[in-house]
Amino acid sequence: QVQLVESGGGLVQAGGSLRLSCAASVSITSIYLVDWYRQAPGKQRDLVARITSSGTTNYADSVKGRFTISRDNAKNTVYLQMNNLKPEDTAVYYCKARQYTVASSWADYWGQGTQVTVSS
């Protein structure tokens, strides 16, 4: 059982930066991976970035080079640093943690979502 609390969303002008935080209720060393998703109005929820327990990261092409996902194990927190924001980045951003229970069995936990709005 994992609870995730997000923070850091807000309103920013194009070209600006925001850092989103996803704080977990358990040690993130027990979490296999953490994803950041985003969902704009009328659109599906898309994967933005992923970090695994081994430190491997992946990014959607639309954010590659601008966004950085990282983790601070001591603080049980995963971050999404968003630089050079564009209006098309406007969305609700969600973090999702996957925790394995037994082999080939896992549970996914979602944060509440945080609004990011980028103005022109």
Side-chain angles (χ1 to χ4, degrees):
Q1 186 68 232
V2 178
Q3 292 181 336
L4 305 173
V5 179
E6 300 180 23
S7 61
L11 175 64
V12 65
Q13 290 187 323
S17 298
L18 287 172
R19 188 181 73 163
L20 305 184
S21 298
C22 177
S25 62
V26 301
S27 172
I28 58 174
T29 60
S30 71
I31 297 174
Y32 179 67
L33 62 84
V34 175
D35 291 340
W36 283 98
Y37 285 77
R38 67 186 182 188
Q39 187 169 25
K43 297 184 178 180
Q44 68 180 45
R45 188 171 297 183
D46 293 327
L47 179 64
V48 175
R50 168 174 290 176
I51 187 166
T52 70
S53 59
S54 67
T56 301
T57 58
N58 293 279
Y59 300 92
D61 288 342
S62 59
V63 307
K64 196 171 298 182
R66 299 187 297 119
F67 290 11
T68 303
I69 189 170
S70 62
R71 63 198 307 162
D72 185 334
N73 291 341
K75 296 181 178 179
N76 295 334
T77 300
V78 172
Y79 302 98
L80 185 67
Q81 178 67 47
M82 306 185 295
N83 297 327
N84 191 24
L85 284 161
K86 303 175 180 180
E88 53 262 42
D89 296 319
T90 295
V92 178
Y93 284 70
Y94 302 87
C95 63
K96 184 204 75 177
R98 175 165 291 179
Q99 185 179 54
Y100 279 86
T101 53
V102 297
S104 302
S105 181
W106 66 84
D108 286 343
Y109 302 92
W110 290 86
Q112 78 285 356
T114 184
Q115 177 71 48
V116 172
T117 302
V118 184
S119 63
S120 299

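FYI, side chains are in, hydrogens and waters are out, and symmetry mates aren't considered; it's all heavy atoms of this structure. In this text the structure is predicted, and so the values were computed from the model without any measurement.
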One pair to check against side-chain contact (heavy atoms from CB on, under 4.5 Å): Val63 and Arg38. What are the steps and the verdict?
CA-CA 11 Å; Val63 307; Arg38 67 186 182 188; 3.8 Å; yes
With a 4.0 Å cut-off, would you call Lys86 and Asp89 a salt bridge?
no
Determine the interplanar angle of the Tyr37 and Trp110 rings, folded into 0 to 90°, and report it as parallel if under 30°, tilted if 30 to 60°, perpendicular if over 60°.
tilted
Here the pair of heavy atoms bringing Asp108 nearest to Arg98 is OD1-NE, 2.8 Å
Tell me if the OH atom of Tyr100 is crowded by more than 12 foreign heavy atoms within 6.0 Å.
yes
Any sub-3.5 Å donor-acceptor pair from Ser30's side-chain atoms to Ser27's backbone N or O?
yes
Take Val116 and Met82, measure what side-chain contact (heavy atoms from CB on, under 4.5 Å) needs, and give me the verdict at the end.
CA-CA 10 Å; Val116 172; Met82 306 185 295; 3.9 Å; yes
May I have the step-by-step check of side-chain contact (heavy atoms from CB on, under 4.5 Å) for Asn58 and Thr56, ending in yes or no?
CA-CA 7 Å; Asn58 293 279; Thr56 301; 4.1 Å; yes
Verdict with supporting geometry, Phe67 and Leu85, side-chain contact (heavy atoms from CB on, under 4.5 Å):
CA-CA 9 Å; Phe67 290 11; Leu85 284 161; 3.9 Å; yes
Any pair counted as side chain to side chain donor-acceptor pair (under 3.5 Å), so long as it reaches residues 1-24, sequence neighbours left out:
Ser17-Asn83
For Val92, which residues count as a side-chain contact (heavy atoms from CB on, under 4.5 Å) partner, sequence neighbours excluded?
Tyr94, Gln115
Please answer whether the main-chain N or O of Val118 pairs with a side-chain N or O of Thr90 as donor and acceptor at a distance below 3.5 Å.
yes
Kindly give the heavy-atom pair with the smallest separation between Gly9 and Leu20, and that separation in Å.
N-CD2, 3.5 Å
